[in-house]
Amino acid sequence: MKATQLYAPTLREFPAEAELLSHKLMLRAGFIRKSASGMYTYLPLAWRTMKKIMQIIREEMDSAGGQELMMPITQPAEIWKESGRWAVYGDEMMRLKDRHGREFALGPTHEEMITTLIRDEVKSYKQLPLMLYQMQNKYRDEIRPRFGLMRSREFVMKDLYSFDKDIDGMNISYQKMYDAYDKIFSRCGLIFRPVEADNGAIGGGHSHEFTVLAPSGESSIAYCEKCNFAASDEKAELKVIKAEVEDLLPLKKVETPDCHTIELVKNFLNVPIEKTIKAVAFQDDDGRLILAFVRGDHEVNEIKVLNAVEGANHLHMAEESAISAVGGCAGFMSPIGLKDGAVVLVDSTVMEMYNAVAGANEVDKHFINVTPRRDFKSDKIIVTDLRMVQEGDPCPHCGEKLKMTRGIEVGQVFTLGNKYSKALNATFLDENGKEQYFEMGCYGIGVGRTMAAAIEQNNDKDGIIWYPAIAPFEVVVVPVNAKENSQLEYAEKIYSELKNSGVDVLLDDRFERAGVKFKDCDLIGFPIRITVSPKTLESNSVEIKIRKTGEIENIQRGEIVEVIKDKISALKKLR
RNA sequence: CGGGGCGUAGCUCAGUUUGGCUAGAGCGUUUGAUUUGGGAUCAAAAGGCCGCAGGUUCAAGUCCUGUUGCUCCGACCA
């Protein structure tokens, strides 16, 4: 490809509409243009990268046993009504009507579509397992699209669906996809973690989110550098932290005027924050009072609270009256001496504390020397993991200190069980001639988001730094002055040689000044630049510059192809 | 949906408070010349429904009303 024929409209300034770095860079480097909120055109550079990512995905899906197909974007309302999601999906689904008034949705996902297809065709366990996938546009009418391709309303997604005859088979399919995802994101040059995720309402199965580590990510995750543990902050299970054993002192009530926050109590009584117990009071939608106790320096994790209380739905902050009804006192609460009527949850770590400070359930009074194992009535409390993970907490797998980071979710693997096969009555006959529901899994990758995440993770002040496997071009050949025939011809020959030996190369044959071309190269982020100038012509060599490291070296004319190929493979090992 | 900001040339933005003649700058674009290893210089030029609709006024980019789009924060979210 020659730059004079490439449509890559770079901008000299950052457009005002973008906030996130990857978004700004994609606009400025001529990768994308917006057509409406959350809708983007992928210009040739972006599309080249997208195609490379898709090709990697395709290869790994195929070698894991997947088969590619293509389903309609426009889906009839009936199948969504059948599964019950026509109503559930709500405003997030783009809907439309045809000329006859029939209702359709623009597919936000394709479980209904694929399940009804299989339902009508696959009737025997002998046809299983089956893994089918597609890559195409998905539509979600996000309340608030933002961050360019990170959260858009129309986006390219790979979605694979697995169909198995039983749970064991489903788990094997899941593992295959998990492994394939690992390979895909590695091949894309990303630093990522498979993060343990919750299955939410579906329950029972497994789920991992593949998260690219980047400070600008929307999800917060805890991970371990020693073992492979990683989990989103809300889902991270935590080990009990044991305090040093102390002699038990007698429980005592003390005055703590106006000390209604942990900070005030700690300062007033002059105790370390790790020796205080904090209470958070919730009520669920049925009005049930739920009290959660954690160590003063910890935060309550509402998801864990929800999971700990049988039948609880949404939580909100408790009313003053509900608290006083059980003899509690906001700001001065503890499980000691409470009346029945509240669900009392105590974080496991709290139970390991000695001689701590906790509320006395009276205004301006706290207990000191509280030792929960002695002072809390074990039959009235539920002890469990309640707290939000923090940097430095011990890893639940290996005990190493956990680190916190932010991440971008680029893919997820998910077992569905028979949720959809049941809802849509999709069955087959097993070995015994008995009718069974398919055990399903679904596995998605956001292609555009993967591209954005790669940029988010690899850039500097001059622009993007592409990992070679997903760069729009691996190499750019720049004659500093393309108007000089000798330079242009020399560059063209190198370009052809590289191209013929399988290197993905661009020739910057524009009649631009060298500075302009160099700036564009850096901005677009080609991994390797080859410069042809009068100087290099004279010594029958070229200069190569590695975008990532900035290293520059001269190589002889005859060695170019070989050296470039070596450099590319070396760069692919650098992540 | 609640709250804030914005909409003027392809891009970045000034001008709006306090209405006034032909609406501006920088960058980009076109043409010519001189340049040619890190976003050149000079000269000339093209480019505007001042988001849209209505109103006030002798006069509206500027004031009023409505509307629409974008954007940020929040709420929401398999």
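Heavy atoms only: backbone and side chains are in, while hydrogens, waters and symmetry mates are out. Throughout, a chain's letter reflects where its sequence line sits, starting with A, and its residues are numbered from 1.
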Do [X] side-chain and [N] base share a donor-acceptor contact under 3.5 Å?
X	N	value
A:Lys545	B:G38	yes
A:Arg513	B:U35	yes
A:Glu13	B:G28	no
A:Arg28	B:G28	no
A:Ser533	B:G37	yes
A:Asn481	B:G37	no

Query raised in the report: More 5' along RNA chain B: A:Lys517 or A:Lys34, using each one's nearest nucleotide?
Result: A:Lys517
Query - 5' precedence on RNA chain B between A:Gly38 and A:Pro15 (nearest-nucleotide basis) - result: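 The residue whose closest nucleotide sits nearer the 5' end is A:Pro15.
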Query raised in the report: Does the pair A:Gln175 and A:Asp179 meet the rule for a side-chain hydrogen bond (donor to acceptor under 3.5 Å, both in side chains), with working shown?
Result: CA-CA 6 Å; A:Gln175 191 59 42; A:Asp179 294 343; 3.1 Å; yes
Query raised in the report: Can you say whether the rings of A:Tyr181 and A:Phe185 are parallel (under 30°), tilted (30 to 60°) or perpendicular (over 60°)?
Result: perpendicular
Query raised in the report: What orientation do A:Tyr443 and A:Tyr174 show, parallel under 30°, tilted 30 to 60°, or perpendicular over 60°?
Result: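 Tilted, since the angle between the ring planes falls between 30° and 60°.
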Report task. List the steps and the verdict of side-chain hydrogen bond (donor to acceptor under 3.5 Å, both in side chains) for A:Gln556 and A:Asn540. Result -> CA-CA 6 Å; A:Gln556 283 303 306; A:Asn540 198 31; 4.9 Å; no
Report task. Examine B:U71: is either OP1 or OP2 under 4.0 Å from a nitrogen or oxygen in the side chain of A:Ser37? Give yes or no. Result -> yes
**Report entry** Phosphate-side-chain proximity, A:Arg33 and B:G10, N/O vs OP1/OP2 below 4.0 Å
**Finding:** no
Check every atom of [options] against the side chain of [X] and return the nucleotide holding the closest atom.
X	options	value
A:Glu543	B:A40, B:G37, B:U35	B:G37
A:Arg146	B:G38, B:C72, B:C77	B:C72
A:Arg144	B:C77, B:G74, B:G38	B:G74
A:Thr531	B:G37, B:C76, B:G38	B:G37

Pick base, sugar-phosphate or nothing for [X], based on heavy-atom distances below 4.0 Å to the nucleic acid.
X	result
A:Glu409	base
A:Tyr89	nothing
A:Thr109	nothing

Requested in this report: Identify the nucleotide, in any strand shown, that forms a Watson-Crick or G-U wobble pair with B:C42, with both distances under 3.5 Å; if there is none, say none.
Outcome: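 Base partner found: B:G32.
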Query raised in the report: So which nucleotide does B:C6 pair with, by the Watson-Crick or G-U wobble rule with both distances under 3.5 Å?
Result: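 Its partner is B:G69.
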**Report entry** Derivation and outcome, side-chain hydrogen bond (donor to acceptor under 3.5 Å, both in side chains), residues A:Tyr89 and A:Arg95
**Finding:** CA-CA 11 Å; A:Tyr89 234 97; A:Arg95 296 159 205 251; over 6 Å; no
